[in-house]
2 protein chains.
Amino acid sequence: MRRDVFQAIADPTRREIIGMLAYQKMNLNAVADHFSISRPAISKHIKMLTECGLVVIEQQGRERYCTASLGQLGEVSDWIEQYRQFWNTRLDNLDKYLAKTQKQKKHAKRKSD
Amino acid sequence: MRRDVFQAIADPTRREIIGMLAYQKMNLNAVADHFSISRPAISKHIKMLTECGLVVIEQQGRERYCTASLGQLGEVSDWIEQYRQFWNTRLDNLDKYLAKTQKQKKHAKRKSD
DNA sequence: TTTATTTGTAACGAATTTGTTACATATCAC
DNA sequence: GTGATATGTAACAAATTCGTTACAAATAAA
């Protein structure tokens, strides 16, 4: 099973969980209460998040308090940053231009036969 | 079918494709030659990348030249950056953090006027 | 001790992802 | 024209994801 950070943040529910746990420590049931899906489903999401280091668990009696530990997001950030030079540049504008002409070609194509 | 940028970059093959197309325009077969999986598989990956705007196609005769158009990565970058303040405040992160808060101050200034 | 609460996990199913092969179409080269 | 090349896509299969319900175990509360 793939358990990397890229995969972890691909799921919108997990991104929401991260958003909650970044600001407040919560036990698992409290997290689950914010969603319409079942508690076991949330439990699995949190398990995955802990497995890739984005959430840490602090056990207190029968409760498990979860907090976000977002340093691992650096892996994604680093991957993206290496390409930042390609954004909002002439190159990027060229790409947008090409995308535009491509659409025009597709439209023209059917008729031109 | 989910077709957002988070999902697009979750797959390692697609990240590799992005890495190749960021630096050079290539037709589809040239991309496929760099991988062990089949050409139709690559074709589908590239289709998905174009559908979420990370790759643009320029048709030239029977060939389709692909280039990366990475502005959409900003969506992921923005999502991550909102949490940067929560990362372990290492010194090398401090610069970026300060830059961000400086921007926020500028924005806040307009409201307080 | 008895009961309620918090949680993990097994077992399962549906949907999605990711690959394949086979075939169709359009274009180039001769 | 004929044949090679570049590509899209349909049809299918295997693996994975993401949810469910049911049950077990540990702890707290009565």
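Chain letters run A, B, ... following the sequence lines, proteins first and then strands; every chain starts at 1.
- At the phosphate of dT5(C), neither OP1 nor OP2 sits under 4.0 Å from any side-chain N or O atom of Asn29(A).
- Annotation: the span from Gln7(A) atom CD to Asp11(B) atom CG amounts to 8.0 Å, rounded to 0.5 Å.
- Inter-residue side-chain proximity for Thr50(B) and Val56(B) is flagged as unmet; no heavy-atom pair is nearer than 4.5 Å.
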Under 3.5 Å, which donor-acceptor pairs link side chains of residues 32-43 of chain B to any protein atom two or more places apart or in another chain?
from, atom 1, to, atom 2, distance (Å)
His34(B), ND1, Ala30(B), O, 2.9
Ser38(B), OG, Ala41(B), N, 3.4

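- Computed from coordinates, the Leu49(A) CG to dT17(D) P distance equals 14 Å when rounded to whole Å.
- Remark: the backbone N or O of Ile9(A) is not paired with any side-chain donor or acceptor of Arg14(A) at under 3.5 angstrom.
- For Ile42(A) and dG19(D), the CD1 to C1' distance is 11 Å, given to the nearest whole Å.
- For dA25(D), neither phosphate oxygen OP1 nor OP2 lies less than 4.0 angstrom from any side-chain nitrogen or oxygen of Arg62(A).
- The NZ atom of Lys44(B) lies 14.5 Å from the CG atom of Leu49(B); values are rounded to the nearest 0.5 Å.
- Counting heavy atoms from C-beta outward, Ile18(A) and Trp79(B) have side chains that approach closer than 4.5 Å.
- When rounded to the nearest whole Å, the span between CG of Asn27(A) and P of dT5(C) equals 14 Å.
- Residues passing the side-chain hydrogen bond (donor to acceptor under 3.5 Å, both in side chains) test with Glu63(B) are Asn27(B), Tyr65(B), sequence neighbours excluded.
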Pairs: protein N or O with nucleotides 20-23 of chain C N or O, under 3.5 Å:
from, atom 1, to, atom 2, distance (Å)
dT20(C), OP1, Ser38(B), N, 3.2
dT20(C), OP2, Ser38(B), N, 2.7
dT20(C), OP2, Ser38(B), OG, 2.3
dT20(C), O4, Lys44(B), NZ, 2.7

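- Contact between the side-chain N/O atoms of His45(B) and the OP1/OP2 oxygens of dT17(C) is not found at any separation under 4.0 Å.
- Straight-line distance from the CD atom of Gln7(A) to the P atom of dC18(D): 7 Å, rounded to whole Å.
- Atom CD of Gln60(A) is separated from atom P of dT6(C) by 14 Å (rounded to the nearest Å).
- In this structure, CD of Glu63(A) is placed 9 Å from C1' of dA28(D), rounded to the nearest angstrom.
- For Ile46(A) and dG19(D), the CD1 to C1' distance is 16 Å, given to the nearest whole Å.
- What separates CG of Leu28(A) from P of dT7(C) is a distance of 5 Å, to the nearest Å.
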